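See below for the structure under consideration.
If you're wondering where the values come from, they're calculated on a predicted model, not measured in any experiment. The chains referred to below are lettered A, B, ... by the order of the sequence lines, with proteins before strands, and numbering in each begins at 1.
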2 protein chains.
Amino acid sequence: MDQPEDGRPNTRRASGYVPGPSFSRKLAHYANLTMRDEQLLDFLLDGQMLYVGAGQDMIREGVRPVFVKIVMEGWAARYKMLENGRRQIVGFLLPGDLCIPQAIMTMPLDHSIGAINDLHCAMVQPGQLDAVEQESIGIRRALAMDAQISLAIQREWTVNLGARAAPERIGCLICELYLRLKAVGMTQGTGYFCPLTQIELAEAAGVSAVHVNRVIKQMRREDLIRWRDQFIEIPDPFRLARACGFRPNYLQMSF
Amino acid sequence: MDQPEDGRPNTRRASGYVPGPSFSRKLAHYANLTMRDEQLLDFLLDGQMLYVGAGQDMIREGVRPVFVKIVMEGWAARYKMLENGRRQIVGFLLPGDLCIPQAIMTMPLDHSIGAINDLHCAMVQPGQLDAVEQESIGIRRALAMDAQISLAIQREWTVNLGARAAPERIGCLICELYLRLKAVGMTQGTGYFCPLTQIELAEAAGVSAVHVNRVIKQMRREDLIRWRDQFIEIPDPFRLARACGFRPNYLQMSF
DNA sequence: CGACACGTTGAAGATTCTCAATCCCAGTGG
DNA sequence: CCACTGGGATTGAGAATCTTCAACGTGTCG
């Protein structure tokens, strides 16, 4: 009864766990939120939690979700499987991201969501979210803007895959992740923890894993990025952005 | 003052022009709309119109739109220009499509919209749309679902460009357009009027125009499609869909 | 130790691109 | 009426990018 949509039983009351404020922190960039707005949002997430192990699916194509879900910790990927056996990742979900927004729940999902590393999600009843939106115009605005930015990101991925060569594609992805993580305070200097394997990066960039490996090798040689032990360091973000033609306007951000 | 966002003056009261019911027709697929709901929607579109000539931009990246706009006649394309000079089309806008939804108006546009052929759009004041949504839960639901399907289409384009080879890409695009046009009654048998040039199709499929030409040639040879004089005929939609791995679930439709 | 996942490298081959030329057709101006 | 123009479609040929297959290294974990 907790989450009939995927039948996974690993759900429990959040007792000891204190969720990070990624969600409210991100939304606060989009509209003026009062202290109370932020409290409302944080309180919303302080309920039932969902844990998904690395590599497991959180939800599968075809099911109709029941709860709104928000990433608290860990990364996930939206993806689709093709008849030809290929998997295409169509977006990454980072802490603070609405992985199951309310509006999506009106119909069967067109894609699946898988955990990249161990994933913690807050589960929210749609009614609760409605109530919070009722209370604050700031929250309504911020959520609407968040939804629009998600759409803009999806468009940018379309551009990335359609019009850029592999090195630029991969560079732009690395830049996007950097800025999105920075918005929720998850960068360290000009670097960030990145749990992606080269295989997953390949599935997102629409190239083979072998080719990703060669591109990364070249980017390392040019000192555009340093990547070891799941940590990506960008020595000079401007230089990387210039090299790969990255423009952050679609995120409503600048460097 | 009519549309400060793009300064185009070719706007006038719709006097003789009777808008097609594409918009209400499409929304009616998504939720149960009463006769009155459909009238409300059609009435909404019976106001100021915007005409954009073939090849002209309706609105450019960076501006903040003022009016909600809905395509009444003609096709348009959302696109982005890259530093490398390439243009990537990230979506087609067909009659009945919300090309400027309300939510997008909260921020500067991340992309431009250009008319493929001569384009007629209805302009709606955001307040009017709000009022209509207030009145009917059916309309609210249908609009929410429409927005979600737009997002699902964008995801599918991401998959298309990232994980399919050129022939499948182009085949899937042709299938998608067929179903979307069918939903608004704009097909004739198993064919439809298609104003796209091979160049535009190439910009949408993320391949060169020369390659599109060769792929089309091959598809003609296999009698998967017949395309002449801006009319695409699909002799056997199932066969085409099978050949290119097209699955219409993301449109919330079946053949 | 063995199994396994991931990263790395080489080499051959497929797909797709670019450049260049040609053709067709509609519109335009003389 | 006809030459001219321009956009789009078509074709050929060589080159670049990227894939696939295969092998091997490295580290982790049971």
Quick one: [X] [atom1] to [N] [atom2], roughly how many Å, whole number?
X	N	atom1	atom2	answer
B:Leu161	C:dT16	CG	C1'	14 Å
A:Ile225	C:dG7	CD1	C1'	14 Å
B:Glu203	C:dC17	CD	C1'	15 Å
B:Glu200	D:dG7	CD	P	13 Å
A:His211	D:dC21	NE2	P	17 Å
B:Ile216	D:dG8	CD1	C1'	14 Å
A:Asp229	D:dT26	CG	C1'	13 Å
A:Asn117	D:dT28	CG	P	18 Å

Check your understanding: Any side-chain heavy-atom pair from B:Tyr178 and B:Leu240 closer than 4.5 angstrom?
Key ->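 The answer is no, as the side chains (C-beta and beyond) never meet within the 4.5 Å cut-off.
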
Using a heavy-atom cut-off of 4.0 Å across all strands, would you classify [X] as base, sugar-phosphate, or nothing?
X	answer
B:Ser208	base
A:Arg220	sugar-phosphate
A:Ala209	nothing

Review point. Is it true that A:Trp157 and A:Tyr250 have ring centroids separated by less than 6.0 Å?
Key: no

Point to revise | is_close_aromatic(A:Tyr192, A:Phe231), centroid dist under 6.0 Å | key: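 Centroid separation for A:Tyr192 and A:Phe231: 6.0 Å or greater.
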
Nearest-neighbour nucleotide for the [X] side chain, [options] considered:
X	options	value
A:Arg214	D:dA9, D:dT11, D:dT20	D:dT20
B:Thr197	D:dA9, C:dT9, D:dC18	D:dA9
A:Gln198	D:dA9, C:dG10, C:dG7	C:dG7
A:Val210	D:dC21, D:dC18, D:dT11	D:dC21
B:Ile199	D:dC18, C:dA20, D:dG8	D:dG8

Distance test, side-chain N/O of [X] to OP1/OP2 of [N], below 4.0 Å:
X	N	answer
A:Arg164	D:dC18	no
A:Asn213	C:dG7	no
B:Lys217	D:dT10	no

Exercise for review: Look up atom CD in B:Glu176 and atom CG in B:Leu94, then write down how far apart they are to the nearest 0.5 Å.
Suggested key: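 One gets 8.0 Å once the value is rounded to the nearest 0.5 Å.
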
Check your understanding: Under 3.5 Å, is there a donor-acceptor pair between the side chain of A:Arg78 and the main chain of A:Gly91?
Key ->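 Side chain of A:Arg78 to backbone of A:Gly91, a donor-acceptor pair under 3.5 Å: no, none is there.
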
